[in-house]
Number of protein chains: 2
Amino acid sequence: MDQAKIFNAFMIHKGLKTTNQRKAILNSFLHSRSHCSTEDLYLKLRKKHPKIGYATVHRTLKLLVECGIAIEQNFGDGHARFEPLRADSHHDHLVCQQCGLIIEFEEPQIEELQNQVAAAYQFTIRNHRHELYGLCFRCARK
Amino acid sequence: MDQAKIFNAFMIHKGLKTTNQRKAILNSFLHSRSHCSTEDLYLKLRKKHPKIGYATVHRTLKLLVECGIAIEQNFGDGHARFEPLRADSHHDHLVCQQCGLIIEFEEPQIEELQNQVAAAYQFTIRNHRHELYGLCFRCARK
DNA sequence: AAAGAAATTGAAAATCGATTTCAAAGAATA
DNA sequence: TATTCTTTGAAATCGATTTTCAATTTCTTT
Ligand SMILES: [Mn+2]
Ligand SMILES: [Mn+2]
Ligand SMILES: [Zn+2]
Ligand SMILES: [Zn+2]
């Protein structure tokens with residue numbers, strides 16, 4: 001089931017309407033570079049849909065998070081960022097504090113150790129953040 | 001060298017004054033339960049120092065971070081939190097989304113794998129966040 | 001098709017923690 | 001003392017996020 005279908009099903013379930021604006025936002029979000037902020041997406045959308053409002057972009061992104069198509073990230077620059085969420089995979093992030101580059105990484109051993117830590121404290125993990133901040137290769141050279 | 005000494009040395013180095021307010025704030029911070037917000041500390045201080053202002057608490061906490069006595073954390077509730085930083089140890093956090101309980105954990109194997117991940121991307125780590133969100137034992141039972 | 005009911009929209013306003021401003025007060029220096 | 005500089009706290013500002021609200025659109029019922 002692709003994401004448009006998931007979104008439709010979710011909207012019907014919630015008694016909401018899959019409007020043209022919402023379709024355009026979902027589409028633009030899915031074709032966006034990852035980790036875009038609300039404003040990134042709003043500005044990108046304006047080019048093709050000048051009448052779309054910031055509030056609608058914001059509200060739709062919240063809906064995408066609610067139905068599991070998107071995940072909200074926060075890398076400490078004061079702007080919430082969103083990225084498409086794939087049910088079958090997970091990654092964490094390296095964030096360059098100089099140029100803003102975001103690198104994604106997967107490390108199953110860390111995930112496993114994480115589960116062991118939680119188990120030791122009888123803690124139920126619902127989600128987690130693991131972010132390494134510093135300098136990417138390019139920026140470290142300078 | 002204890003923290004008051006570190007603070008003094010830092011203040012002299014920066015040409016700033018170790019005022020009574022700043023001393024009171026440092027003292028209250030060090031004796032506070034960990035992970036307190038600016039407002040937590042401000043309200044606690046008011047009891048003994050009713051004339052102290054929120055702005056001064058905020059500014060002093062920033063100074064403590066700058067001189068390495070405190071570290072600023074953010075657990076996603078919209079309030080910056082501060083905790084005393086010990087140079088020789090490091091921990092990460094489990095955060096209960098129900099009752100707000102914060103558990104600290106240390107896992108050297110994770111730290112090591114983290115370094116390996118960074119090395120693989122030729123990434124220089126300056127700092128990192130690793131937080132597991134979910135339910136503590138108590139809250140999971142209910 | 002027309003009317004009524006309900007949801008959506010976007011501009012503007014409100015929110016809220018963090019940060020800054022500024023005039024008064026307090027120190028240090030000459 | 002006069003001068004210069006820092007600090008203070010109340011209030012104002014900031015900026016991203018969220019909400020409000022009147023107008024519009026969509027859906028449902030006659
Ligand atoms: Mn990512
Ligand atoms: Mn801690
Ligand atoms: Zn970089
Ligand atoms: Zn709990």
Side-chain angles (χ1 to χ4, degrees), chain A residues 7-29 35-67 70-82 100, chain B residues 7-8 10-29 35-67 70-83 100:
Chain A
F7 188 55
N8 269 320
F10 172 78
M11 296 301 269
I12 288 166
H13 175 258
K14 294 262 289 186
L16 301 177
K17 294 163 189 172
T18 306
T19 63
N20 289 329
Q21 284 96 325
R22 285 171 176 164
K23 276 186 236 171
I25 292 165
L26 170 59
N27 202 55
S28 186
F29 170 69
H35 317 112
C36 63
S37 68
T38 308
E39 185 157 20
D40 288 342
L41 197 56
Y42 168 65
L43 292 175
K44 185 185 169 193
L45 275 157
R46 285 201 102 181
K47 294 173 191 166
K48 287 211 173 181
H49 307 271
K51 282 170 284 185
I52 234 162
Y54 184 96
T56 302
V57 176
H58 168 263
R59 285 183 288 227
T60 303
L61 279 171
K62 291 288 177 187
L63 287 172
L64 296 184
V65 170
E66 200 183 339
C67 74
I71 184 172
E72 185 173 340
Q73 304 280 4
N74 206 302
F75 298 140
D77 67 347
H79 287 259
R81 293 180 177 282
F82 298 84
Chain B
F7 188 54
N8 270 321
F10 172 79
M11 295 302 267
I12 288 167
H13 176 258
K14 293 262 289 184
L16 302 176
K17 293 163 188 171
T18 306
T19 62
N20 289 330
Q21 285 97 324
R22 285 169 176 166
K23 277 187 235 171
I25 292 164
L26 171 58
N27 202 54
S28 187
F29 170 69
H35 316 111
C36 63
S37 67
T38 309
E39 185 157 20
D40 288 343
L41 198 56
Y42 168 65
L43 293 175
K44 185 186 171 193
L45 276 158
R46 285 201 100 178
K47 293 173 190 164
K48 288 209 171 178
H49 307 269
K51 282 170 284 183
I52 232 161
Y54 182 95
T56 303
V57 177
H58 169 264
R59 284 184 288 229
T60 303
L61 280 171
K62 290 288 176 186
L63 286 172
L64 296 184
V65 170
E66 200 183 337
C67 74
I71 183 173
E72 184 173 340
Q73 304 280 4
N74 205 303
F75 298 141
D77 67 347
H79 287 260
R81 293 179 178 282
F82 298 84
E83 68 174 322

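So you know, we letter chains A, B, ... as the sequences are listed, proteins then strands, and number each from 1. Treat the numbers as computed from the prediction; the structure is a model and nothing was measured.
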* DNA chain D: 5'-proximal contact among B:Ala55 and B:Leu16 (nearest heavy atom) -> B:Leu16
* When the distance from CD of B:Gln21 to C1' of C:dA27 is rounded to whole Å, what number comes out? -> 12 Å
* Asked: Which residue, A:Leu43, A:Thr38, A:Leu41, A:Leu45, forms the side chain to side chain contact (heavy atoms under 4.5 Å, CB included) with A:Tyr54?
  -> A:Thr38
* Asked: Distance check: side-chain N/O of A:Tyr54 vs OP1/OP2 of C:dA12, anything under 4.0 Å?
  -> no
* Asked: Which of these passes side chain to side chain donor-acceptor pair (under 3.5 Å) with B:Gln73: B:His35, B:His79, B:Glu83?
  -> B:Glu83
* To do: Using whole Å, report how far OH of B:Tyr42 lies from P of C:dA18.
  => 14 Å
* Would you tell me if any nitrogen or oxygen in the side chain of B:His58 comes within less than 4.0 Å of OP1 or OP2 on C:dT19? => yes
* **For atom CZ of B:Arg59 and atom C1' of D:dA11, their distance in whole Å** => 12 Å
* Asked: Could you state the NZ-P distance from B:Lys51 to D:dT7, rounded to the nearest angstrom?
  -> 19 Å
* Asked: Could you give the CG-to-P distance, from B:Asp77 to C:dC16, as a whole number of Å?
  -> 14 Å
* To do: List the atom of A:Ser28, the atom of A:Lys44, and the distance in Å for their closest heavy-atom pair.
  => O-NZ, 3.2 Å
* Asked: Considering only D:dT7, D:dT19, D:dT17, which nucleotide approaches the side chain of B:Arg22 most closely?
  -> D:dT7
* To do: Report the distance from atom NZ of A:Lys62 to atom C1' of D:dT19, rounded to the nearest whole Å.
  => 13 Å
* Where the side chain of B:Ala80 is defined as all heavy atoms beyond and including C-beta, which of D:dT6, C:dA18, D:dT26 is the nearest nucleotide? -> C:dA18
* **Phosphate contact (D:dT8 OP1 or OP2) by B:Thr19 side-chain N/O below 4.0 Å** => yes
* A:Glu72 CD: over 12 foreign heavy atoms closer than 6.0 Å -> yes
* Structure fact -> Judged by nearest nucleotide, the residue sitting upstream toward the 5' end of DNA chain D, B:Gly15 or B:Pro50, is B:Gly15
* Can you tell me how far P of D:dA16 sits from CZ of A:Phe82, to the nearest Å? -> 14 Å
* **Check: B:Phe82 and B:Asp40 side chains under 4.5 Å, non-hydrogen atoms** => no
* Euclidean distance, atom CD1 of residue B:Ile52 to atom C1' of D:dG9 [Å, nearest integer] -> 10 Å
